[in-house]
Amino acid sequence: MLTHPATKYRAFPPVNLPDRQWPSRTITAAPIWMSTDLRDGNQSLFEPMNAERKMRMFRTLCQVGFKEIEVGFPSASQTDFDFVRLLIEGGHVPEDVTIEALTQSRDPLIERTIESLRGARRAIVHVYNATAPVFREVVFGMSKDEVKELAVSAVRTIKRLTAQQPETEWILQYSPEVFTSTELEFACEVCDAITAEWGATPANKVILNLPATVEVSTPNIYADQIEWMHRNLARRDSVVLSLHPHNDRGSGVAAAELGIMAGADRVEGCLFGNGERTGNVDIVTLALNMYTQGVAPGLDFSDINAVARTVEHCNQLPIHPRHPYVGDLVFTAFSGSHQDAIKKGFAAQTAAGPDGLWNVPYMPIDPADLGRSYDSVIRVNSQSGKGGVAYLMEAEFGVVMPRRLQVEFSAEVQNYTDTHGGEMTAQNIWDLFDATYLNNPEAQVRYVEHHLFEHPGQAGKHVQGIRIGVEVNGQAMLLSGEGNGPIDAAVHALQGMGVKVQVRSFEERSTISTDTARSQSSADGAAAQACAFLELVSANGEAVKGGERFGVGMDTNIVTASIQALISGVNRLGLVRAELLETEAA
């Protein structure tokens, strides 16, 4: 039994703000967004990002539309320092993007941070120190005056060092840690001292970031704290009031929404809330919540699948299948009553025309706005025990499908049952899987063989080459290409017949040995040991929102299985034009 709270914990006291205004307000405009994916998000990983993953994340953040990006903690990590230098010296920072670096309030660390930012067009120096009683009394043993002097001294150092680099436009950001458990009067006193020392003006604003470093109260109390600061700060017209909510109580998004209503100008967080401990505010959810209320978020999530795959790659963490707006199952209905309501909603939506307000039951947002398809909205329940599609594929045939392939293939099962009626047996399901992905009788392109080769490339790196023998409508063709690996080389080889694709995800798995799986093996009696799953999207230039398709290959050799999966996916996408095939084959 849990200890009674009264003996161990105390409720966080409310803010004395009887005339609070935020409850009667609504959000009418998006805040300034600041991504901490490369700092707070990176610090929270089992294995921090390497340079390749950091650069991919940075470019994605720029493409999404972030204008302020915290790129690291350069005084704490040589990797972070080197990455900041790479961004600046390599010219990777767009003209309209400002990079930010975090530092503690210690002179050597401040010096190192500003050195990392040397040569930037515009940069934010983000300095913080602990102001909350538990840190003052337990961790550092400092008085309030000592804490305030530490903060002011740090700003004094930043001011002196940045004056030596006038070619950069410098912006100061200060965070009192932990704001949510610091006395409001003291937090305000320190923040006012910061803006006074910097000489903040309406033309030279200071960012005052008020973090819920640890979420200790309900969201309404955080909103009260923000409104109190908003109303009591000196030089408010010279301040950008910023939020950095964490998610210890699971209400980071709600706290941010109420904080914006309470007067905040700016929000810091990660794309999917991947900050320390339970995470920080999820900017994708926050932005799309605004979008569903008719507020343009200023961030582009029209291809949310591409963003999600990038974040999963860079963080090496999966996105939960029930994650709002983005999870693989959030637009899928298993319940029969839900399915009926959604079908009727789609019919009414079609009748309302393209200018009608979105009004479909159980679906607060149109999946097409996020680049998601309608294919899997209504489908057979693949989690329904022994009758589930995924369960039978694994238990009977040893094939463990990725979740998004489960979604795609279940739609094929749904179509089959709609046409033929009755119950599908395990063998029916395997036959349909085989005809859909492995041995499609209507496939235009068939794999015959491949040969790999390598040769030296630039900077001493070896280039992978491939020659692929295929049959196109029964006619033999030989395709060749090069890349940074067999799959990349094969993708380039396919361009020889006018097919351009992007690989969204790739998984390889061994089949689970079962009697039924062995019975489905190749003619020589050896069960296939490797399964390759490639998720592809067209790169031919067509508008293909939600047009991802899987290809599957099975072979004792994983490279062979991967190339078979690539060709399977190309056939599924239907990208090969008949007239082109006739010409090329001739």
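Quick caveat, the model's predicted, so the values are computed rather than measured. Residues take their numbers from the sequence shown, with the count starting at 1.
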Polar contact flag, side-chain donor to acceptor under 3.5 angstrom, S75-R112: no
Flag, side chain of D265 to backbone of L241, donor-acceptor distance under 3.5 Å: yes
Electrostatic pair K159-E197, nearest N-O below 4.0 angstrom: no
Step-by-step side chain to side chain contact (heavy atoms under 4.5 Å, CB included) determination, I27 to E257: CA-CA 8 Å; I27 298 173; E257 289 177 327; 4.2 Å; yes
Geometric cation-pi criterion, R136 with F186: 6.0 Å, 45°: yes
Check: Q293/N289 side-chain N/O donor and acceptor closer than 3.5 Å: no
R266 and E100 ion-paired at < 4.0 Å: yes
T113 backbone acceptor or donor facing S116 side chain under 3.5 Å: yes
Ionic contact status for D37 with K54, cut-off 4.0 Å: no
Sub-4.5 Å side-chain heavy-atom contact between I226 and I260: no
Non-hydrogen side-chain atoms of E189 and K144 separated by less than 4.5 Å: no
Flag for T131-T182: side-chain donor and acceptor within less than 3.5 Å: yes
D237 atom CG: more than 12 heavy-atom contacts under 6.0 Å: yes
Derivation and outcome, side chain to side chain contact (heavy atoms under 4.5 Å, CB included), residues T26 and T28: CA-CA 6 Å; T26 57; T28 58; 3.8 Å; yes
Passing candidate, salt bridge (charged side-chain N to carboxylate O under 4.0 Å, His left out) with R504, options E312, E535, E548: E548
Pairing residues for D192 by the side-chain hydrogen bond (donor to acceptor under 3.5 Å, both in side chains) criterion, not counting sequence neighbours: none
Ion pair R309/D303, N-O distance below 4.0 Å: no
side-chain hydrogen bond (donor to acceptor under 3.5 Å, both in side chains): pairs with one or both residues in residues 160-169, sequence neighbours excluded: R122-E169
Minimal non-hydrogen separation, D80 against G72, with atom names: OD2-CA, 3.4 Å
Note, T292 side chain near W358 side chain (heavy atom, < 4.5 Å): no
CA sep, side-chain torsions, deciding dist, call: M49, F83, side chain to side chain contact (heavy atoms under 4.5 Å, CB included): CA-CA 11 Å; M49 289 180 249; F83 179 67; over 6 Å; no
Residue pair P176 / N129, side-chain heavy-atom distance below 4.5 Å: no
Enclosure of R106 CZ (heavy-atom neighbours >12, cutoff 6.0 Å): no
Identified side chain to side chain donor-acceptor pair (under 3.5 Å) counterpart of R277 within the set D248, N247, T213: D248
Sidechain N-carboxylate O distance under 4.0 Å for R85, E115: no
Within-4.5 Å side-chain heavy-atom neighbours: D488 and V503: no
Side chains of R236 and H230, donor plus acceptor under 3.5 Å: yes
Sequence neighbours excluded - ring pair (Phe, Tyr, Trp, His ring centres under 6.0 Å) pairs with any residue from residues 235-292: H244-H246, F272-H323
E146 backbone acceptor or donor facing S143 side chain under 3.5 Å: yes
Closest heavy-atom pair and its distance - A255, P245: CB-CB, 4.4 Å
Q21 backbone acceptor or donor facing E227 side chain under 3.5 Å: yes
SB check E507 R509 (cutoff 4.0 Å): yes
Contact check, side chains of S35 and E70, non-hydrogen atoms, under 4.5 Å: no
Heavy-atom side-chain contact between H126 and S175 under 4.5 Å: yes
4.5 Å side-chain heavy-atom contact, L210 and Y174: no
